[in-house]
Each structure stands twice: as structure tokens, then as C-alpha cells.
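Written out below as C-alpha cells is the structure these notes cover.
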Amino acid sequence: MAELQAPKGVPEYFGPRGAAFRAVREALSLPPQRAGYGYVELPVFEDTALYVRGVGESTDVVAKEMYTFEDRGGRSLSLRPEGTAGVMRLAIEHSLDRGQLPVKVWYAGPFFRAERPQQGRYRQLQQVGLEAIGSSDPLLDAEVIALADEGFRSLGLVQFTLQLTSLGCRECRPGYRELLQGFLARLDLDDATRERAAINPLRVLDDKRASVQQQLEGVPYMVDHLCADCSAHYDAVRDGLRRLGVQWTEAPALVRGLDYYTRTAFEFTHHLLGAQSGIGGGGRYDGLMSSLGGQDLPGIGWGLGTDRTLLACDAEGLAPGAGPGVDVFGVPMGDEARGRLLELGHALRGVGVRFDLAFGERGLKSAMKAADRSGAPLTLIVGDQEIAAGTAVLRDMASGAQEQVPWESVQPIVLQRLDSSEGTTT
RNA sequence: GUGGGUAUAGCUCAGCUGGUAGAGCAUCGCGUUGUGGUCGCGAGGGCCGCGGGUUCAAGUCCCGUUACUCACCCCA
């Protein structure tokens, strides 16, 4: 056991796993990029008050899962537990809300929650997120949802469901909330649940315990008590999803852990993941910006779990980012050959060929072994004979076929071979 | 925060009723001259998580502790 270990609950990715992780992140962030979302790089920590006001004081995320600390100036800071609040702050601070609307941004990176770790639940979790601020068009909701769906599908995932509901607005939610609290008050619940029912009654709906679920028979749902506007909005969202060919399941008991959600709320659930099955989720947050001191602009967004999406890929037998890391591997015999291959490789990289080289003084055999392990389809072998003849040996690793190539024509020939074997990537 | 499980080689694990440690994979080398993947041979690598106890003797039994892990809670 190593003396120094990574902090508890922090996943690390390296080797093929690192490639897979990166591939997942890219796949999830590609749809937003193609839809005109701009990249934002956000701070990893913010003023604690931002999360208390934005995410909600009563949420578990803020109440007991934040990494909060004081800096040297006595300011209370917190590692970001989610991304939306930070984007709102950035948009307000830099007056993005005064410009072209909607403001569409995406981001990716680590978030932090001090939870007890388990499969798919980490203290440092990775997300790809997106926010669209300044439009309440229900078709935007549909598009936002479709962009998430597209990301998952582009990885080859199919064993997941989109759960969809509407959480109402400040007009219809209070009435429903009272109705629900009235219902919950008559149930036999433990203290903790009773308290939750008082603070955020919606939360009780997705309690997984059978003892609670049995009693929820006949509970009123928000979707059945939407005001006319919310109801029309929800209909239009569903219509948009139909146009985009996105399938969903009505999930009236769906609850989001963050307080700011209004109207459209959704979650992507993977069927093969066990307890931590949510691979992404989001929704509308029409009152959030004004509550943080900005204009009263509506917004919608999502966060997709990069770690969990990778686990979902595992579960479905998918291997994102697999394949060789380089196209050509250099096998030198002798110092002069190594130096020449270093130069040649540099030039090859310049035209987009991925190249690696057997560094160090090693024998041909061992260098060939390294070439094999690199996965490169082509190997360039150079020794004294080749130097004398002004050539290099180009070996096709799959077939074992070798050819003498004039030094000056190595580059075009390599490009041609890579092109014809079509196994190239960027 | 609440419950359960597991800690032995880099990785995956075996080690039955206590007798001072094994396999597969991986790594490195060899199988003669400048050729990888297959095959054969060999080598390196372990305070058996940590601390205490029982015993002539503990990887093995008991207690504690720490870490990991799964589930609840919560969420990505």
C-alpha cells in the first residue's frame, strides 16, 4: 500500500481508461458545441453565499455536502457542488444578460460533494454541463434535452430512459405544495422524512423505501395541478421532443435535488447501473437569476455525469476512445538513428501523424516490443544500413510486410499508407 | 450520517480444520548475427492493510483500528 493515496472518493483515470474518459467528455460536449453553445471556464470555488442562495439552503447538497473553507481573508468559500449557480453569477457579473439572448454556454470539469462514496458516487465528480439563459421558449427545452440524448447516443448507449415531468411555477406550485403537504401529514413517517416533508415535500416522492412508497398510493402529482401556462408549456415541450424523435417516460414523481428548478425537469436514467443510475439531469430554473441579483430571466440547463456515463458504457460493453494512441512508431538502432528518427517524427507530427519513438538505448527486439505495444499500425526501422543507404524500413505491423523507403519520401508514403488503411484518427 | 462485505505480488485471486507464501496475467531477460504479436525457459517483485491478544507456532483464531467496497440516504 502506497504511503500517499488519493483522497477518499476521488476517481482517477489513466492508461486506456484515461482515453475512454476523455472520449466520453468529448462525446457529451460535442452536441452543445454544434448547437452554438460557447465554452466557459468557471472557477472551481466560489463565495459560499452563491450556493446557499442559488442552490438552496435546505438542499442536502448545500446543507451537508459542501466543501466549505475560509481563506486567509476570512471569506467563506466553497468548492463548487454544481455548475448552474456559477454560470448565473458569471452571466450577471459580466452582463451577458444585457446582450444577445439566449446566452448559451457549456462547460466541463470537476464538482465536489462530501458524500460517502460508492459505485458511481464520488466526492470529486465530473460533469459536462450546458445552460441557456434568457428564453422561455418550450422548443428550447426540447432542444436542450435532445442535445443530452444525442451525446449519450453518439457513444452507442441505448439502455437508458429519459424521465420527464413539469414542476410547475411560482403560480401553481404553492397550491400544489399545500395539497401535497396535507396528504403527507396523514402518513406514518419517521422524523427525518417528516422534516423533509415540511421543508421540501416533493423530495418525499422519490423515497426508495418500500414502507414509504406503499403509503404514497394516491398521492397528488404536480403535473396534474399545473396552471394553464405551465400546462401549455409542458405540452409544447413534448411536441418539440416528438419532432426531434426523442423518446421519454412521464415521471410525475421525479424530483431534482436542487431547489431552483421550475417547469421542465428531466433525468436520464441508465438501466444497468445499480443504485447510482442517474447519468444526467437538469431542467428549467426561471427564478434563479433574479434571486441572485440579476435580471428576471428564465433559463434551462443540464449536467451530465461524465464518470457515470463512462460506467454506463462499461455496462453496455462499449469502449469509447479505444484504439492505438499513435500511427507510427520509430525503432532506431544506434544513437545516430535515434536522432534522425526524432527529427523525422517531429516532421510527421507536423502534418498530423501521431508518432512515438523507442527512447533510450534498447535493443531492436525490445524496441520492436514497444512498437507492438504502442498499437501503431506502422513502424519505421532505422539502423546503420539504412543511414548509409539513405532509406528507412517501413513495416506494416499487421501483415509484417516491409519495404525500403527513401528517406525523403517517408512522409508522403506514410500518409498514403495511413490513408489507405483508413485507421487514422486525429 | 446508517447498515453489510472485503483487505495476501503491479493486476485478478488461491491458501481447507493454525506449522513462517502460491497461481494466472503483467514486467524484465534468454531461445546466437538487425525484427513485435504465438510458443518454450528463466528472473525480479510480498513487514499477507496497521496495532494488540491467544498459542510452542498466526496470512489463517479473537479484539481494535484504518482503508476500500456495496446498499440506504442523496445525487451526476
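In what follows, every chain begins at residue 1, and chains take the letters A, B, ... in the order their sequences are listed.
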When you compare [N] with [M], how far apart are their [atom1] atoms, in angstrom units rounded to a whole number?
{"N": "B:C30", "M": "B:C70", "atom1": "P", "result": "43 Å"}
{"N": "B:C56", "M": "B:G18", "atom1": "C1'", "result": "12 Å"}
{"N": "B:U33", "M": "B:G19", "atom1": "P", "result": "48 Å"}
{"N": "B:G15", "M": "B:A7", "atom1": "P", "result": "10 Å"}
{"N": "B:C50", "M": "B:U6", "atom1": "C1'", "result": "16 Å"}
{"N": "B:C48", "M": "B:U20", "atom1": "P", "result": "15 Å"}
{"N": "B:C68", "M": "B:U8", "atom1": "C1'", "result": "15 Å"}
{"N": "B:G53", "M": "B:G45", "atom1": "C1'", "result": "32 Å"}

Cation-pi, A:Phe111 ring and A:Arg113 (6.0 angstrom, 45 degrees): no
For [N], the Watson-Crick or wobble partner whose two distances fall under 3.5 Å:
{"N": "B:C16", "answer": "none"}
{"N": "B:U33", "answer": "none"}
{"N": "B:G5", "answer": "B:C68"}
{"N": "B:C61", "answer": "B:G53"}
{"N": "B:A26", "answer": "none"}

Criterion side-chain contact (heavy atoms from CB on, under 4.5 Å) against A:Ile133, the qualifying member of A:Val103, A:Leu96, A:Val105, A:Ile92: A:Val103
How does protein reach along nucleotides 69-76 of chain B, written 5' to 3' as B (base within reach of a heavy atom under 4.0 Å), S (only sugar-phosphate), or - (no contact)? -SBBBBBB
In the 5'-to-3' direction, what one-character label does each nucleotide of nucleotides 32-41 of chain B receive under the scheme B = base within less than 4.0 Å of a protein heavy atom, S = sugar-phosphate only, - = no such atom? --BBBB----
Would you please indicate if the ring centroids of A:Phe160 and A:Phe152 are separated by under 6.0 Å? yes
Would you check if there is a donor-acceptor pair between the side chains of [Y] and [X] at a distance under 3.5 Å?
{"X": "A:Tyr260", "Y": "A:Glu82", "answer": "yes"}
{"X": "A:Thr249", "Y": "A:Thr161", "answer": "no"}
{"X": "A:Gln276", "Y": "A:Arg121", "answer": "no"}
{"X": "A:Glu41", "Y": "A:Tyr39", "answer": "yes"}

Any donor-acceptor pair under 3.5 Å from A:Glu316 side chain to A:Ala312 backbone: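 Such a contact is absent between A:Glu316 side chain and A:Ala312 backbone.
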Mind telling me whether A:Phe112 and A:Tyr67 have parallel, tilted or perpendicular rings, with 30° and 60° as the class edges? perpendicular
